[in-house]
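Right, one structure below, let's go through it.
Each ligand, and each atom within it, is numbered from 1 in the order the structure gives.
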Amino acid sequence: MSEIAKITLEGNEFEFPVIKGSEGEKAIDISTLRSKTGHITLDPGYKNTGSTTSEITFLDGEKGILRHRGYSIEDLAENCSFLEVSYLILYGKLPNKVEIESFETSITEHTLVNEGLDAMFKAFPTGSHPMGQLSSMISALSLYYPKALNPNRPEEAINRTVIRLMAKMPTICAMIFKKQNGHPTVYPKNNLDYVTNFLNMSFGQVADPNYTPDPVVVKAMNKLLILHADHEQNCSASTVRVVGSSQASLYSSISAGISALWGPLHGGANQEVLEMLENIKNDGGDVQKYLDKAKDKNDPFRLMGFGHRVYKNFDPRAKIIKTSADEVLEKLGVNDPVLEIAKELEQAALKDPYFVERKLFPNVDFYSGIIYRALGFPTDFFTVLFALGRLPGWISQWQEMRRDKHPIARPRQIYTGATLREFIPIDKRA
Ligand code: SDX
């Protein structure tokens with residue numbers, strides 16, 4: 001027999017069904033709460049509120065578990081390419097050889113970006129933030145594919161937009177990187193795999209057609225993109241769902257997700273972490289000073305890359321990235337002093353009651369920037385790389401929301417402002 005929740009309000013008892021997920025998570029279904037009781041719930045930041053059921057990603061914050069469609073992030077990061085994991089997240093199964101080849105071929109056929117977009121791109125101010133450029137470019141794709149403005153199209157038409165986004169995102173990200181360096185765009189090459197193509201467009205030179213990325217870099221980039229591919233109802237994925245629920249196009253919804261990710265409390269944290277570590281290094285490397293600042297309620301400073309809404313033990317992605325950071329820097333012969341500062345900071349925080357009591361541990365953003373920098377990317381480009389990884393997750397969340405025919409997202413509120421006041425003409429106002 002299914003469980004029920006009983007709520008007593010103003011002397012009346014109301015019953016609401018309890019639903020249970022495939023991993024034992026439980027929720028009180030309050031979809032009839034207001035009609036039955038005249039009450040709503042209030043939960044700023046939705047810390048206790050579920051917006052949907054989902055089959056894409058499972059997190060267990062206490063046990064540090066992250067799975068996509070039932071596969072552990074450890075298995076996926078160690079054994080798959082980013083496109084295999086993207087296929088899994090988008091279509092619900094790990095692809096066989098025929099499926100992955102067809103997926104890769106479809107993507108290869110759509111990697112070019114309309115030259116008209118390039119004119120708009122060239123007008124972006126030099127030095128403007130890469131995330132602002134990215135969200136603008138992705139939104140502008142809808143100007144070139146106006147049929148995609150209608151999300152109520154047959155599945156194969158929607159999938160064409162999915163393929164276009166997956167294909168053009170690396171090209172646009174690389175264009176932004178090249179612009180930062182004042183270098184000409186390097187076009188995609190159809191004979192390269194997804195990640196190698198991205199690295200070639202980023203680090204290859206028009207004058208050096210024979211550039212070949214280090215296999216260590218290709219492997220690390222695949223792993224980093226996999227580790228960012230989806231993360232259930234995080235701020236940016238929820239944004240994509242909310243925007244998509246109004247029947248806005250997939251391009252508009254993804255552009256909104258990019259903007260939400262940009263925030264320093266979310267994906268923008270990977271840039272903030274490196275800037276924080278650099279500040280600590282330049283300030284003499286006194287990690288305790290910065291731990292004390294992070295604990296001081298009068299100081300706005302936060303330990304960037306620490307803490308998580310869900311993970312209250314450890315972020316499994318941070319563990320994988322930390323190991324990978326050691327490997328990549330060693331293989332590339334990079335000696336980055338901020339890596340040692342990061343490790344020292346982590347060790348000190350893990351012993352500090354403030355962080356232990358609040359269950360604040362390194363999250364995915366704490367070590368990722370150290371690898372990105374070792375690969376040759378600048379700090380303000382790190383969140384673009386996060387977005388490149390998160391794209392399949394955002395698309396899949398949008399598709400699931402539409403598959404499940406969610407109504408437009410429109411939360412309620414409790415009004416606490418002025419009650420009715422008599423209108424006073426301007427010439428009589430004090
Ligand atoms: C990502 O949701 C996702 O899944 C996101 C993500 C994904 O893959 O999509 O995992 C990616 O966004 C990772 C998070 C990156 N952000 C940061 O590293 C920024 C620093 N971290 C925090 O700002 C914070 O930890 C959050 C935003 C991540 C979580 O915030 P919550 O859950 O709202 O927690 P909170 O702000 O209510 O903090 C609870 C307590 C507070 O202290 P008290 O009021 O109880 O005394 O912990 C403190 C906070 O002051 N706290 C911190 C802290 N994080 C929380 N204190 C110092 N340094 C920090 N980093």
Side-chain angles (χ1 to χ4, degrees), residues 43-51 54 56-61 64-68 73 77 85 89 131 224-241 257-277 280 287-321 342 345-346 348-350 352-370 382-383 385-394 396-397:
D43 185 21
Y46 310 116
K47 293 191 176 189
N48 304 282
T49 300
S51 61
S54 180
I56 303 167
T57 292
F58 170 65
L59 305 183
D60 182 317
I65 292 173
L66 167 55
R67 297 191 199 124
H68 294 310
I73 192 61
V85 174
I89 287 172
M131 285 297 278
L224 282 163
L225 293 176
I226 288 168
L227 292 170
H228 288 83
D230 188 59
H231 214 240
E232 55 136 278
Q233 304 313 311
N234 57 84
C235 176
S236 54
S238 300
T239 301
V240 169
R241 279 178 172 258
I258 293 167
S259 297
L261 186 73
W262 192 356
L265 295 188
H266 190 11
N270 56 18
Q271 170 178 345
E272 300 282 332
V273 167
L274 249 295
E275 289 167 1
M276 172 187 76
L277 293 172
I280 295 173
V287 297
Q288 191 54 50
K289 172 181 172 185
Y290 284 84
L291 286 181
D292 294 341
K293 279 170 63 67
K295 297 188 290 188
D296 179 357
K297 291 303 173 194
N298 299 317
D299 189 326
F301 175 79
R302 279 200 163 193
L303 209 54
M304 300 314 277
F306 259 74
H308 199 276
R309 174 63 56 77
V310 176
Y311 291 123
K312 298 306 177 189
N313 194 328
F314 61 90
D315 183 334
R317 302 167 296 175
K319 275 188 150 182
I320 297 170
I321 292 177
L345 200 57
E346 178 186 6
L350 297 181
D352 187 304
Y354 173 94
F355 293 90
V356 174
E357 283 158 14
R358 290 168 179 78
K359 300 180 183 296
L360 302 176
F361 300 90
N363 58 48
V364 67
D365 292 312
F366 190 62
Y367 285 105
S368 56
I370 291 167
F382 291 173
T383 314
L385 296 168
F386 191 144
L388 180 57
R390 185 53 53 89
L391 180 61
W394 284 331
S396 191
Q397 296 286 347

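- Between Gly305 and ligand 1, an N or O atom pair is found at a separation short of 3.5 Å.
- Atom 14 (C) of ligand 1 has its closest protein heavy atom at Asn363 ND2, 3.5 Å.
- Taking every heavy atom of Lys297 and a limit of under 4.0 angstrom, the matching atoms of ligand 1 come to 42 (O), 43 (P), 44 (O), 46 (O), 50 (O).
- Both the backbone and the side chain of His266 come within contact range of ligand 1, each with a heavy atom under 4.0 Å.
- Protein heavy atom at the shortest distance from atom 35 (P) of ligand 1 is Lys47 NZ, 3.9 Å.
- Remark: side-chain polar atoms of Arg241 are not paired, donor with acceptor, to backbone N or O of Ser51 under 3.5 angstrom.
- When atom types are taken as modelled, the side chain of Asp60 and the backbone of Ile65 share no donor-acceptor pair closer than 3.5 angstrom.
- Here the CG-NZ distance, from Asn298 to Lys293, works out to 11.5 Å after rounding to the nearest 0.5 Å.
- In this structure, the protein non-hydrogen atom closest to atom 56 (N) of ligand 1 is Tyr354 OH, 3.0 Å.
- Residue-to-ligand polar distances place Phe306 within reach of ligand 1: an N/O pair is separated by less than 3.5 Å.
- Residue-ligand proximity, Gly307 to ligand 1, at heavy-atom distances under 4.0 Å covers atoms 25 (O), 28 (C).
- Aromatic ring centres of Tyr311 and His231 lie closer together than 6.0 Å.
- Summary of contacts: the protein heavy atom closest to atom 54 (N) of ligand 1 is Arg302 NH1, 3.6 Å.
- The shortest N or O to N or O distance between His308 and ligand 1 is below 3.5 Å.
- For Arg317, the closest heavy-atom approach to ligand 1 falls below 4.0 Å.
- Using a 4.0 Å cut-off between heavy atoms, Lys295 makes no contact with ligand 1 at all.
- Remark: ligand 1 atoms within the under-4.0 Å shell around heavy atoms of Ala269 are 15 (C), 16 (N), 17 (C), 18 (O).
- In terms of heavy-atom proximity, Lys312 sits nearest to Phe361 at O-CE1, 3.6 Å.
- Side-chain N or O atoms of His228 include one that pairs as donor or acceptor with a backbone N or O of Leu224 at under 3.5 Å.
- Contact atoms of ligand 1 toward Ala294: 57 (C) (distance under 4.0 Å to a heavy atom of the residue).
- The distance from the CD1 atom of Ile73 to the CZ atom of Arg317 is 8.0 Å, given to the nearest 0.5 Å.
- Relative ring orientation between Phe306 and Phe366 is described as perpendicular, the plane-to-plane angle rising above 60° on a 0-90° scale split at 30° and 60°.
- Residue-to-ligand polar distances keep Pro264 apart from ligand 1: every N/O pair is separated by 3.5 Å or more.
- Each of the following atoms of ligand 1 lies closer than 4.0 Å to a heavy atom of Asn234: 2 (O), 3 (C), 4 (O), 5 (C), 9 (O).
- Atoms OG and CZ, from Ser236 and Arg390 in turn, are 5.5 Å apart once rounded to the nearest 0.5 Å.
- Residue Gln233 places every heavy atom at 4.0 Å or more from ligand 1.
- Rounded to the nearest 0.5 angstrom, Leu385 CG and Leu225 CG are separated by 7.5 Å.
- Looking only at protein heavy atoms, the nearest one to atom 4 (O) of ligand 1 is His231 ND1, 2.6 Å.
- Going from atom CZ of Arg302 over to atom CG of Asp299 covers 11.5 Å, rounded to the nearest 0.5 Å.
- For the atom pair Tyr367 OH and Ile320 CD1, the distance stands at 14.0 Å (nearest 0.5 Å).
- If you number the atoms of ligand 1 from 1 as listed, the ones under 4.0 Å from a heavy atom of Arg358 come out as 40 (C), 42 (O), 43 (P), 45 (O), 46 (O), 47 (O), 48 (C).
- Shown in contact with Met304 at under 4.0 Å from a heavy atom are these atoms of ligand 1, numbered in order with element: 18 (O), 19 (C).
- Residue contacts with ligand 1, taken as heavy atom pairs separated by less than 4.0 Å, do not involve Phe366 at all.
- Within the set Glu357, Arg309, Glu272, Met276, the minimum heavy-atom distance to atom 31 (P) of ligand 1 is found for Arg309.
- For Tyr46, the OH atom is loosely surrounded, since the number of other residues' heavy atoms within 6.0 Å does not exceed 12.
- Contact analysis leaves His228 out of contact with ligand 1, as no non-hydrogen atom separation drops below 4.0 angstrom.
- Only the side chain of Leu360 comes within contact range of ligand 1, with a heavy atom under 4.0 Å; no backbone atom does.
- At least one N/O-N/O distance between Leu303 and ligand 1 falls below 3.5 Å.
- Contact annotation for Arg390 and ligand 1: only side-chain heavy atoms (C-beta onward) come within less than 4.0 Å of the ligand.
- When distances from atom 49 (C) of ligand 1 to the protein are checked, a heavy atom turns up under 4.0 Å.
- Ligand 1 has Asp365 within reach: a non-hydrogen atom of the residue lies less than 4.0 Å from it.
- Atom 27 (C) of ligand 1 has Leu265 O, 3.9 Å as its closest protein atom, hydrogens excluded (heavy atom only).
- Heavy-atom separations between Gly45 and ligand 1 are all 4.0 Å or longer.
- A salt bridge links Asp292 with Lys295: the closest approach of a Lys/Arg side-chain nitrogen to an acidic carboxylate oxygen falls below 4.0 angstrom.
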